Structures are given as structure tokens and as C-alpha cells.
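What follows is a set of notes on a single structure, which appears directly below.
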Protein chains: 2
Amino acid sequence: MAGRPRSFDRDEALAAAVEQFWRTGYDQTSIAMLTQAMGVTPPSLYAAFGDKDHLFDEASTRYFERTCEAVDAAAAQPTARAAIARMLDDTARAHTDTRTPLGCLMLTEPRLAPQREALRDRLARRIARGVAEGDLPSSVRPDELAAFLVAVMRGMSGCARDGGTTAEVLAIADTALAAVPRP
Amino acid sequence: MAGRPRSFDRDEALAAAVEQFWRTGYDQTSIAMLTQAMGVTPPSLYAAFGDKDHLFDEASTRYFERTCEAVDAAAAQPTARAAIARMLDDTARAHTDTRTPLGCLMLTEPRLAPQREALRDRLARRIARGVAEGDLPSSVRPDELAAFLVAVMRGMSGCARDGGTTAEVLAIADTALAAVPRP
DNA sequence: AGCATACCGTAGTGATCGCTATGGAATGTG
DNA sequence: CACATTCCATAGCGATCACTACGGTATGCT
């Protein structure tokens, strides 16, 4: 009834796929690049993950979960302003970390608009809480501020892709923080 | 000595190429799409523009010139702050104009990093002038503020690509303007 | 008019893409 | 041990890519 078990770790292979998609994007990542990065032959890849689209979906979902964890960690800061500052700082440092690919998969990949929207909603909720608790003035429109922050993070990601240093991207984050109103 | 002249207008064909690259990006734009959009057969295209890379270089150069004109027009505003406001407003409206492709070719195309840098330098010079003239506080670092603005515009472009409305993108611009210090 | 030139349209080149059919090897079960 | 099942490896499928070699043909110069 049972046959030979697969000789590679599915999670490790998926992690390698995430990194490859992250590094070169969906279009520029060929199956050959994926099989080499994952240490798996094409038939094994298709048996384990379906087609390229499905593999990307699974990879981007995993990436998105990691991103959400980071956002939630930042959101745990006592004030909304501190949460935003932490998030921008994390973004700057993570996207210029030389140990990982530059930039952000989510914010540069055209097909991940729903994830960006979900991220914006999370931000908007944290900001709304900050408004309710008096961290931010009541004139703040949570969805607008969230959209601004997503735009800034996307710009930071692009700057990192273009070779911007950690200091340069951090400066963008600092400048953006000035746009967050004080109570 | 002279043979048959070409039967299409080179400038019009280049304009069509600009629009096609703008709409679908470099990678996703095939020669077949270009020939159809330009109303030109492949051999004529290669005779007139060289290969695909060279055509893209020429198209992006033309696009960049238009962008520079818009930036210079905004820079003519009396104060640096007004120039920045005008530029952000232009960006929001232009990139959500339904008569043209959504988003910005320059800010979404990976290979146009030098143009982005040139744009940032132009902005930095205008900001430096504003600092010198007292429009902005002397604490402003022109290059950092310029990098921030380029990042925001890139984020606005992406938001427009994702289907963001003019109002949404304008709201991002307004929020970003709050990050520009007052004198 | 007549010639030389450079156009246009078709069709096809080699390369690469995502994806899969075919075998032989390796494992778990009876 | 023998069998069933699922694995891995090679090789190749059709489709599409950027790009070009051929014809016929329309133009400008003499």
C-alpha cells in the first residue's frame, strides 16, 4: 500500500522556493532555477507542489504569514505611533539585510495585491485602536494613514532593491514618521 | 543612392512603444505586442530601433524626459513646499488617469534605477534651494527628503497599479506632505 | 523611363519556457 | 523474499520567445 517516501524535506524545499521567488520574482524565476535552488527534480516538484502558480501561491502565503507575524509584533507596542515606528524600522532593516534577498516579495510582486490589502487592513485596525485610545488625534483617518504607510514601505522596498543602504532606507522611514500626527 | 522611405512615422511608433512598455512592462511586452501596437512589422522595427533592449532604452528615455518636464514645471513653484505639493498632486492624478496606463513606467521598472537616481538628484537640488531661501528649515537634509519623496511616489504608482482610485492616491500624497517640515 | 535601393510581408531560425511521458531504482508490506 | 507502490533521473513535448533570411514591390535619383 505504501511506496517509497520522498527523499527531500517538503518544508525546506518550500523555503528555498520562497527565497528564489523573493530574489528574482515570479516571472524571472524559471522551473530550472527552482529545481536547482530546491535540490529537487522537476517531476518531484510537480508531484509535491502542483504547477508553478500553485507553488508560488504556497510560497507567497508562507512569506505573508511571516510578514504578518512581524506586523503583529510591531502592533504590540504600547502606542500606535511606537507601533508604526517599529514597523518602519523593521522594514528598513529587514529589506537591506544582506543575509536575505533585497526588498520585499509582497510589495514588489504584482499579483499580491490582495495580500497588500490585507496588510493595509491590519495596519488600519491598529491605527484605529490608537485613535480610540488617544495615541493619535481623532482627525486621523486610519485607512488613509495605512495606505500611506503601505506606499512608503513599498517605496522603501524598491529603494533597497535598487541597492539603497540600510542608512538610506532608515532615513526614509524616519522622514515618513514625521507624517504621523502627534496627539 | 536613396531608396524607398519608410512608410510609418518613427516618432508615432516610438510613442506607441512607450505606451505598450508602460502598460505591460519590459518583460511582459513581446515583440509581437509591440509590432501590433506600433503598426509595424518585425523587420521594420529592428531596422528602425535595433533590438528590444535598444527600443526600450529609447522609449524609457523619452518617458523620462516627459517626467523631467513635469518635475521642472512643479519645481517652478515659488516655494519648495509648494513645488513638492504640486509634484505629488501631479503624480497622483497622472498615474490614475484612465486615458493613460496606470502607474509609472519609471518607478516600477527594475532596470531604470539610474533614472530614479537622476530624478532624486533633481528633487534634492530643488529642496536645497528651498532650504537656502528659507522655505524649509535648515535641519532638512535635501537628499534624505528627496529619497523619501521618490519612495512615496513609487508607492503611489504601485497603489495606482493595484487599482487605487485617484482619491486614494491623492490621500497618500496629502499624508506625505505632512512629513515635509514647515519653516 | 530605368535602375538601384530599401522598404514591407511571410515564414522560419535556434533557444528557452512550463510541463510531462518513460524507465530504473528504492522503499514499505505480506 | 516477492510484490506493489512511489520515488528519482533523463529526455523530450508543444508553445512561445527574440530575431532574421528571403521574396515581391514601391519609391527616389539619373
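All chains are named by letter (A, B, ...) in the order of the sequence lines, taking the proteins before the strands, and each is independently numbered beginning at 1. On a predicted model such as this, the values are computed, not experimentally measured, just so you know.
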Practice item. Figure out the OH/P separation between A:Y26 and C:dC17, and round it to whole Å. Key: 13 Å
Check your understanding: Where along residues 40-61 of chain B does a heavy atom come under 4.0 Å from DNA chain C, residue by residue in number order?
Key -> B:T41, B:P43, B:S44
Review point. Think A:K52 forms a cation-pi with A:Y46, using NZ or CZ under 6.0 Å from the six-ring centre and within 45 degrees of its axis?
Key: no
Point to revise | Gap separating the CZ atom of A:R62 from the CG atom of A:L14, nearest 0.5 angstrom | key: 4.0 Å
Check your understanding: Can A:T29 and A:T24 be counted as having a side-chain donor-acceptor contact under 3.5 angstrom?
Key -> yes
Point to revise | Cationic N near anionic O, under 4.0 Å, A:D89 to A:R93 | key: yes
Study note, to complete from the structure: the helix from C:dG9-D:dC22 to C:dG30-D:dC1: angle between terminal helix axes, five bp per end, to the nearest 10 degrees, reads 20°
Check your understanding: For atom CD of A:Q36, is the number of surrounding heavy atoms from other residues, nucleotides or ligands below 6.0 Å larger than 12?
Key -> no
**Study point:** Linked, directly or transitively: B:M33 and B:Y63 (ILVMFWY side chains, under 4.5 Å)
**Key:** no
Review point. Would you call B:R86 and B:D90 a salt bridge, using N to O less than 4.0 angstrom?
Key: yes
**Study point:** Residues A:D72 and A:R122 bridged, charged N to O under 4.0 Å
**Key:** yes
**Study point:** SG on A:C159 to CZ on B:R120, rounded to 0.5 Å
**Key:** 7.0 Å
Check your understanding: Do any of residues 28-36 of chain A sit with a heavy atom less than 4.0 Å from DNA chain C, and if so which?
Key -> A:T29, A:S30, A:I31
Review point. So, for A:A48 and A:R10, which heavy atoms are closest and what is the spacing to 0.1 Å?
Key: O-NH2, 3.0 Å
